[in-house]
Amino acid sequence: MSVLKVDQVSKLFRATSRSGALTPALRKVSFELKPGEVISLIGESGSGKTTIGKIILRLVEPTSGTVTFDGKDISTYSPRGLRDYYRHVQGVFQDPFSSYNPIYRADRVFDLVRDVYFAHVSDRDWNAKIEAALHAVTLNPGDVLGKYPHQLSGGQQQRLLIARALLLDVKVLVADEIISMLDASTRVDVLNLLVKLKRAGLAILFVTHDLSLGNYVSDRTIILRHGAIVEMGATEKVFGNPQHDYTRMLLTAVPELHKKWQHTPLGPVAVSANGSAVATDVIESMPNGSVVPALAHISMLDELSHAEQVVKRDVRAFLGGTRAASTKSSSVAVALEPPALNEFEPDHLVAEPE
Amino acid sequence: MSVSLENLSVAYRSRRGDVTAVDNVSFTLADGEIMGLAGESGSGKSTLGNALIYLDQRMKQTGGKVTLDGRELPIADTRAMRPLRMTEVSLVPQYAMSALTPTRKIGRLTSDLLKSHKVRNRDAVLTEMNRRIELIGLKEDVLSKYSFELSGGMRQRVTIILSTLLNPSLLIADEVTSALDVSTQRAVGEMLVEFRDRGYVKSLIAITHDLAILAQIADSITIMYAGRLAEKAATDTIVNEPLHPYTQALIASLPEVGVRHDTTTLTGIPGRPPSLANPPAGCRFRDRCPFAFAKCTETPPFEEVKPGHYVACWKVSQEAAK
């Protein structure tokens with residue numbers, strides 16, 4: 001039984017420029033999150049991974065589609081219902097330094113939770129609760145309570161924010177790039193904490209662009225590109241036997257300690273003289289044909305995304321005058337249709353090439 | 001040898017006295033070498049990089065010297081450094097993504113830059129720039145674009161082209177891959193190697209906290225901890241046979257593709273680095289080190305234990321002496 005269900009969620013953002021073109025940030029994304037499960041949501045910048053997290057946290061409204069929590073559509077909550085929703089669904093974000101107000105002590109984040117949710121709890125019970133939450137995130141209360149944010153390391157700050165979520169009866173945690181700003185030595189502690197919480201039954205949506213981190217913690221993986229799912233399934237299947245070209249390209253680009261990238265030099269290597277006399281002879285000595293972009297994945301990298309093409313078309317149509325209105329709605333509809341997902345093997349879906 | 005640092009120390013002025021962020025650092029860099037400089041935040045790696053090109057008002061050189069191609073680099077004298085910047089030493093700054101002004105097109109920005117560095121044959125340089133833009137697979141029309149019209153990866157690559165345009169002898173690349181997606185990261189990493197191979201830069205110091213990237217592009221890796229050098233060796237040696245306990249712990253804390261929580265549990269390094277305002281005597285990793293012993297209250301020397309392999313650790317020195 002899933003605790004959270006994302007069903008055909010799409011989101012269009014309107015560009016702030018004069019053209020007012022629409023960019024599809026999410027295209028009919030559907031998945032379910034079960035208790036005690038970690039799903040990695042992996043994608044590059046602009047893939048819409050953060051938007052999904054924000055929609056789940058009701059920070060952004062989807063253009064279409066629904067998110068249901070415990071069988072109830074989250075868009076229907078009253079203000080009071082929403083408060084209860086946040087009791088169960090919480091988020092932690094990328095930059096721990098900007099999650100705190102630097103002029104207050106860091107543990108003020110706990111007081112804010114108390115004001116809203118635990119106004120009638122006695123001081124003694126409250127302190128016991130904080131201690132339990134800090135214990136769960138392997139922090140020593142003496143090390144962090146009463147300290148200002150700048151006195152804590154990034155890892156401590158991030159764990160404190162997770163502890164804040166644990167004070168509530170949290171069932172779903174949206175963890176958006178929570179370790180990308182931490183040092184390698186503290187990163188692993190936060191990752192291991194997520195594993196521990198998951199074993200205790202918490203459902204975690206782990207949003208990241210780092211494939212090895214996603215692989216380490218998650219049970220299931222969703223690869224997003226241009227707002228649509230290109231591959232999803234059990235983590236060992238997606239990483240062990242990637243089927244979509246995009247997933248494969250991502251995996252070959254991951255830097256690994258013990259495996260070198262296959263680097264092919266770009267054409268003959270001509271060494272130019274050092275100094276300000278940037279040798280014109282270098283230009284001449286290079287046969288014209290050798291100056292080709294040879295890095296295989298670059299073509300993929302700089303390729304205009306599907307979404308961008310649509311926006312460009314909209315802008316052209318707008319500047320072109322009267323045809324604007326008629327093309328706009330149809331092109332948006334095209335852009336919203338994600339590539340179809342086919343089942344490659346049980347619990348492993350792969351999108352058709354776009 | 002193209003670059004050599006001898007006992008370089010750099011401090012920040014503060015109201016409570018100087019904070020030494022780079023403490024007695026010595027190393028040499030061969031021609032054509034890409035050296036990775038890695039460490040946690042606050043280890044002094046960026047300060048070291050910045051000191052080689054521009055000491056701002058908060059910083060001062062408190063000792064040591066830097067030699068570039070046989071001549072001393074006057075890093076404390078910002079006016080004497082001026083003609084050397086971009087031509088001899090160049091920097092790709094951290095946050096290079098925001099290094100390009102939004103008010104000028106890239107082409108205009110470039111010619112302004114060349115003018116301010118008193119470059120004469122600007123047309124030839126611009127032609128060369130076009131060629132390099134094409135070489136790395138960007139389209140030539142980036143010159144007629146504003147920086148905000150480019151994606152993060154494109155901006156990063158344009159910044160690297162700009163920094164290396166006058167073929168500097170030493171390039172300092174500060175966290176150039178950190179804010180990028182994996183595929184862009186790879187493109188930028190390969191671009192740095194390519195530029196070295198082509199002689200656009202003679203040697204390169206790549207500063208990053210990401211050891212996996214360095215394993216791909218660097219010839220040697222230097223690990224910094226709390227303002228001091230901990231270990232320097234060839235990349236393969238650092239990755240496969242690190243000697244310093246800090247390097248070992250750092251490597252062990254990195255998840256690799258294929259490692260999963262249910263089969264392997266990775267471990268972090270407990271504790272945090274000491275404050276540089278009032279650093280403890282002796283080895284600065286002592287408090288976090290599982291092997292610390294009595295001798296560690298004295299500062300370990302940064303010495304060569306095997307050819308080309310430098311370590312600052314009493315335990316390693318003692319074992320090597322046996």
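Every chain is numbered from 1, with letters handed out A, B, ... down the list of sequences. What you see is a predicted model, and the numbers here were worked out from it, not measured in a lab.
Proximity of B:V119 to B:N121: side-chain heavy atoms (C-beta onward) are separated by under 4.5 Å at one or more points.
For the set A:G43, A:G154, A:S218, the count of heavy-atom pairs under 4.5 angstrom toward chain B peaks at A:S218. Ranked by heavy-atom pairs shorter than 4.5 Å toward chain B, the options A:V217, A:N215, A:L251, A:N192 are led by A:N215. Listed options B:I213, B:L211, B:L250 were ranked by heavy-atom pairs under 4.5 angstrom with chain A; first place goes to B:I213. Note: B:T265 leads B:L114, B:T265, B:V201 in heavy-atom pairs under 4.5 Å with chain A. For the options A:T252, A:V190, A:L191, heavy-atom pairs under 4.5 Å to chain B are most numerous at A:T252. Here A:E256 is the residue among A:E236, A:R187, A:H209, A:E256 with the most heavy-atom pairs under 4.5 Å with chain B.
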### Query
After noting the C-alpha distance and the side-chain angles of A:T247 and A:D245, does the key distance pass the side chain to side chain donor-acceptor pair (under 3.5 Å) rule?
CA-CA 6 Å; A:T247 317; A:D245 284 346; over 6 Å; no
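Using a 4.0 Å cut-off between charged side-chain N and carboxylate O, B:R131 and B:E134 make no salt bridge.
No part of B:R120 comes within reach of chain A, as not one of its non-hydrogen atoms sits under 4.5 angstrom from that chain. With a 4.5 angstrom heavy-atom cutoff, B:L180 touches chain A only via backbone atoms. Only the backbone of A:L152 comes within contact range of chain B, with at least one heavy atom under 4.5 Å from a heavy atom of that chain. Residue contact with chain A, scored on non-hydrogen atoms closer than 4.5 Å, involves the backbone of B:T267 exclusively. In this structure, no portion of B:T177 lies under 4.5 Å from any heavy atom of chain A. Contacts of A:K196 with chain B are absent, with no heavy-atom separation under 4.5 Å from either backbone or side chain.
Within the cation-pi definition used here (under 6.0 Å to the ring centroid, within 45° of the axis), B:R260 does not qualify as a partner of A:Y216. A cation-pi geometry, defined here as NZ or CZ lying under 6.0 Å from the six-membered ring centre and within 45° of its normal, does not hold between B:R284 and B:Y225.
Note: A:Y246 and A:H244 have perpendicular aromatic rings, judged against thresholds of 30 and 60 degrees for the angle between ring planes. Ring orientation note: the planes of B:Y246 and B:H244 are nearly perpendicular, at an angle over 60° on the 30°/60° scale.
When the shell of 6.0 Å around CG of A:N140 is examined, it contains more than 12 heavy atoms from other residues, nucleotides or ligands.
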